[in-house]
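Both backbone and side-chain heavy atoms feed into the values below; hydrogens, waters and symmetry mates do not.
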Amino acid sequence: MRKTLRALHGGDHRLARRVASWRSAGARRVLPVVAEAAEHTKLWWGAAALMAVAGGWRGRRAAASGVASMTLAMTLSNAVVKHLWERRRPPEEWLPREKAGERPDSSSFPSGHTAAAVGFTAAVCTVWPSAGAVCAVPTLMVAAERVYHGAHYPSDVAVGAAIGLTTTALVRRAPHLALRALT
């Protein structure tokens, strides 16, 4: 078991280093825009507003589910798990000079940005699959951007995604659980 964990840890570090040092011109142009849009969940609030206004009843329901799951995912990842499991961010020396800017001081584990993005998108998918598919593109970009800019290890992003999926399941079951509790 220990050997397996060491191998996973080593692979996690190698992949983080490789992605952070990637020198794609397209990634240098697109991923900073994605990072800015995802900061403070602006991208997901904008998507929710668009769905609520243009999507009728289904859009409002998808937006509400997405926002509820996103909020729960952010709370769980940033206010609970980050305080239970301290992990340093990937070393700055792994990053090219142009990317070694300001990075959060909080624990690297898990990725709150990814938890929020996956929570929002997965919840939208359960109500309005085609809108969820559209949201999946920036969600994947947010997850990649977190590793590319050296803010997270791939395992931080994977656990953030798992938290987002978990909160989606909880939000989806909440009405049934509430009814059961009331009866």
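- Within the 3.5 Å criterion, the main-chain N or O of Val157 finds no donor-acceptor partner in the side chain of His152.
- Taking 4.0 Å as the cut-off between side-chain N and carboxylate O, Asp156 and Arg87 count as a salt-bridged pair.
- Taking CG of Leu170 as the start and CG of Leu76 as the end, the distance is 8.5 Å to the nearest 0.5 Å.
- Judged by distance alone, with hydrogens and angles left aside, the side-chain atoms of Thr121 form no donor-acceptor pair with the main-chain N or O of Val118 at under 3.5 Å.
- Connection of Trp44 to Met74 is established within a shared hydrophobic cluster, with ILVMFWY side chains joined at heavy-atom distances below 4.5 Å, either directly or through further cluster members.
- Taking both residues in full, the closest heavy atoms of Val142 and Ala38 are given as CG2-CB, 3.7 Å, listed atom of the first, atom of the second, then distance.
- Distance check, rounded to the nearest 0.5 Å: CG of Leu43 to CE of Met141 gives 10.0 Å.
- Heavy-atom minimum distance, Gly119 versus Thr168: O-OG1, 3.2 Å.
- The shortest non-hydrogen separation linking Thr114 to Ser111 is OG1-OG, 2.8 Å.
- Hydrophobic clustering (side-chain heavy atoms under 4.5 Å, transitive across Ile, Leu, Val, Met, Phe, Trp, Tyr) groups Phe120 together with Trp45.
- Residue Leu84 holds its CG atom at 10.0 Å from CZ of Phe109, rounded to the nearest 0.5 Å.
- Residues Arg89 and Ser107 bring no donor and acceptor atom of their side chains to less than 3.5 Å of each other.
- Here the NE2-NE2 distance, from His113 to His149, works out to 11.5 Å after rounding to the nearest 0.5 Å.
- Sequence neighbours left out, not one pair with a member in residues 49-63 passes side-chain hydrogen bond (donor to acceptor under 3.5 Å, both in side chains).
- Shown here for Ala73 and Gly164, the closest heavy-atom pair between the two residues is CB-CA, 4.2 Å.
- The two atoms that bring Ala116 and Thr41 nearest to each other are CB-CG2, 4.1 Å, heavy atoms only.
- Pro90 and Ser108 get closest at one heavy-atom pair: CD-OG, 4.3 Å.
- The list of side-chain hydrogen bond (donor to acceptor under 3.5 Å, both in side chains) pairs with a residue in residues 72-86, not counting sequence neighbours, is empty.
- Side-chain heavy atoms closer than 4.5 Å link hydrophobic residues (I, L, V, M, F, W, Y) into clusters, and following such links, possibly through other members, connects Val137 to Met70.
- Using a 4.5 Å cut-off between side-chain heavy atoms of Ile, Leu, Val, Met, Phe, Trp and Tyr, with links allowed through other members, Val159 and Val81 fall into the same hydrophobic cluster.
- From Ile163, atom CD1 reaches atom OG of Ser69 across 11.5 Å, with rounding to the nearest 0.5 Å.
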